[in-house]
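See below for the structure under consideration.
It should be emphasised that the depicted structure is a prediction, and the values quoted were computed from it without experimental measurement.
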Amino acid sequence: SALEISGISTLTITQSGGTIFTGNVGATTVTLTDSTGAIEFDGDLAATTLNVAARAINGGFDVEINEDANITNAVTFSNTGLLVLGNGTDDNLTFGGGITAIAQAAGGYDADAIKIAGNIITTNDVVKLGSATAGITLTADSTITTGAGAGNIDLDGIIIGGNNSLGLNAGSGLITSALEISGISTLTITQSGGVTFDDAVTTTTAVFLTDTADNADIIFTGALTTGTLTTQAQQYDLFLNGGGTIGAATLINTGTLQIGTGTVTTTFDNAISAISQSAITLAGTVTTSNDVITLGDGDTGITLAEDTTLNSGSAALNIGGTLAGNNKNLILNSTGLTTLSGDLTALTTLSTNTDGGTKLAAGVDITTTGTMTFNDELTLVGASILDADDDIITLKAVTGGAGTENLTVNSGTARTEFDGIVSAIETLTIADSGGVTFDAAVTTNTAVVLTDTADNADIIFTGALT
């Protein structure tokens, strides 16, 4: 039909070899029953009710809505052919009662089973698109908005972006994506009651996490690969569970932050700073391309969920908050300066790399149940305690700087090894040990206190004691 259709109660396509509406179509009810070819709306489509049936025989038919649409009631696209929702960024497709399209590509997997472009809108109702066989392809920049209410956005098909942007706004509803997202230029979460990406997410430019309900979660279960990750100072929780590679990261959400699960590696190509969160959880390897890592502060503590390695290359590594080891192993790798500003407790083991240096802020204590190994020079700012329970403590060199710092070392029944000089501290106390070896000179301003060492064990000063 080349001209406008309007003012009719019911428009039914019972059977055709293909139908094209070039002009606008307006009806109370539009019913698409069967066709051997595509049913195509190239003008605006307006209806109270849109019914789309599954073709009973010889496969499914395609449905294309290539301009604006305004459908009042909920729509289920049951056609098992392909589905096109918009073909340009200026297309607005409103489904007041929600939209479901999961039946497409019933004959087998098709990445282009559902094509979207422009803006898909509901009035606080669900958008459910795609399946394991029905992929979703963006043919232009696209948004999906379900209003301020609890309209969920459920994307169950693989999403191929075509270097177009995708914006998702579910109001207080949930956003879920079941399969891989790739080729998106920019992914934006405007608002939600929680977001879960169950597979890898790749964007060519950026991910913007504008807002989500307080204490709700934004979860990246798979790897996240993006040029820029930007959060806002909102009280949502962010989980980067699948590792990946992130260019510039702005992590200022005020809920919790988790980086990594298991043994995954999360790489940041620029400096990373996370100090605004209520708590931080770490697992696996967090690494930068010789850029500064700053995690935690006096109000933001850190917990290890699994064994963790922090690697800042030649840049500084700053642990600003207290760290609860949760009986996990921690490796700190920086050839720059590593600064520990809060207590490290309940670690299994702790080790640092051989270059650079480690500084303990005043009053910082470290406890492990396994070995504690400082392969770089340890600098004290105040009084500190190193306690490895009944395991070996190895220190390369220790200095106090101002000469008013105190160090207490407790290795229980195991040995303590000082492989480098001890200098410019006030008092050195060996609380308990299975023997101590000082391989270089020891200098304190006040005292060396040897409280207890196992019977018949040795305390050896190889260098000068001053």
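At least one side-chain heavy atom of F418 sits less than 4.5 Å from a side-chain heavy atom of V398. Side-chain contact between V286 and F268: present, with at least one pair of heavy atoms (C-beta onward) separated by less than 4.5 Å. Residues L378 and L360 have side chains in contact (heavy-atom distance under 4.5 Å, counting atoms from C-beta outward). N375 is not listed as a side-chain neighbour of N353, based on a closest heavy-atom distance of 4.5 Å or more. T462 is not listed as a side-chain neighbour of F438, based on a closest heavy-atom distance of 4.5 Å or more. When side chains are defined from C-beta on, T345 does not count as touching T322, because their heavy atoms never get closer than 4.5 Å. Looking at heavy atoms from C-beta onward, T212 lies out of side-chain contact with Q234 at the 4.5 angstrom threshold. Two residues are said to be in side-chain contact when any heavy atoms from C-beta on lie closer than 4.5 Å; V84 and L82 fail this criterion.
Formation of a donor-acceptor pair under 3.5 Å by the D112 side chain with backbone atoms of K115 is not found in this model. Looking only at distances, a side-chain donor or acceptor of S384 sits under 3.5 Å from a matching main-chain atom of V364.
To the nearest 0.5 angstrom, I425 atom CD1 is 8.5 Å from N445 atom CG. Note that CD1 of I293 and OG of S312 are 5.0 Å apart. Values are rounded to the nearest 0.5 Å. Put simply, OG1 on T80 and CD1 on I102 are 12.5 Å apart, with the number rounded to the nearest 0.5 Å. Here the straight-line distance linking atom CD1 of I459 with atom CD1 of I430 works out to 7.0 Å at 0.5 Å rounding. Note that the CD atom of Q277 and the CG atom of L251 stand 6.5 Å from one another [nearest 0.5 Å].
Applying side chain to side chain donor-acceptor pair (under 3.5 Å) to N119 and the options N92, D141, D90 leaves one that passes, N92. The residue from L332, T373, L323 that alone fulfils the side-chain contact (heavy atoms from CB on, under 4.5 Å) condition with L350 is L332. Screening L224, V264, T281, T261 for a side-chain contact (heavy atoms from CB on, under 4.5 Å) involving N241 leaves a single residue, T261. The residue from I153, I144, D156 that alone fulfils the side-chain contact (heavy atoms from CB on, under 4.5 Å) condition with L129 is I144.
Using modelled atom types and a 3.5 Å distance limit, the side chains of D110 and Q104 yield no donor-acceptor pair. Donor-acceptor pairing under 3.5 Å is lacking for the side chains of T348 and N327. Under the 3.5 Å distance criterion, with hydrogens and angles disregarded, a donor-acceptor pair is assigned to the side chains of D211 and Q191. Counting only N and O atoms by type, the side chains of T176 and D154 include a donor and acceptor under 3.5 Å apart. Of the N and O atoms on the side chains of T226 and T203, at least one donor lies less than 3.5 Å from an acceptor on the other residue. D269 and S289 share a donor-acceptor pair across their side chains, judged by distance under 3.5 Å alone. No side-chain donor-acceptor contact under 3.5 Å links N333 and N311. Checking T204 against N163 by side-chain atom types alone, a donor-acceptor pair falls below 3.5 Å. For the residue pair S411 / T416, a side-chain donor-acceptor distance below 3.5 Å is found, with atom types taken as modelled. N329 and T349 share a donor-acceptor pair across their side chains, judged by distance under 3.5 Å alone. No side-chain donor from either of R415 and S433 sits under 3.5 Å from a side-chain acceptor of the other.
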#### Entry: side chain to side chain donor-acceptor pair (under 3.5 Å) evaluation trace for T145 with N169
CA-CA 5 Å; T145 303; N169 183 352; 4.9 Å; no
### Task
Check the pair E426, T404 against side chain to side chain donor-acceptor pair (under 3.5 Å), reporting the backbone distance first and the verdict last.
CA-CA 5 Å; E426 185 75 20; T404 58; 5.8 Å; no
### Check against side chain to side chain donor-acceptor pair (under 3.5 Å), T294 and S273
CA-CA 5 Å; T294 301; S273 176; 4.9 Å; no
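Of the charged side-chain nitrogens involved, none lies within less than 4.0 Å of a carboxylate oxygen, so that D376 and K396 do not count as a salt-bridged pair.
Contact between I272 and I259 at its shortest, heavy atoms only, is CD1-CD1, 3.9 Å. Residues A283 and A305 share a closest heavy-atom pair of CB-CB, 4.3 Å. Here the closest heavy-atom approach between residue D355 and residue T335 is recorded as CB-CG2, 3.7 Å. Closest non-hydrogen pair, L386 versus M372, comes out as CB-SD, 3.8 Å. In this structure, I175 and S192 approach most closely via the heavy-atom pair CD1-CB, 3.8 Å. The minimum heavy-atom distance between D389 and T369, with the atom names listed, is CB-CA, 4.1 Å.
Classified by interplanar angle (parallel below 30°, tilted 30° to 60°, perpendicular above 60°), the ring pair F95/F77 is perpendicular.
Other residues, nucleotides and ligands place more than 12 heavy atoms under 6.0 Å from the NZ atom of K328.
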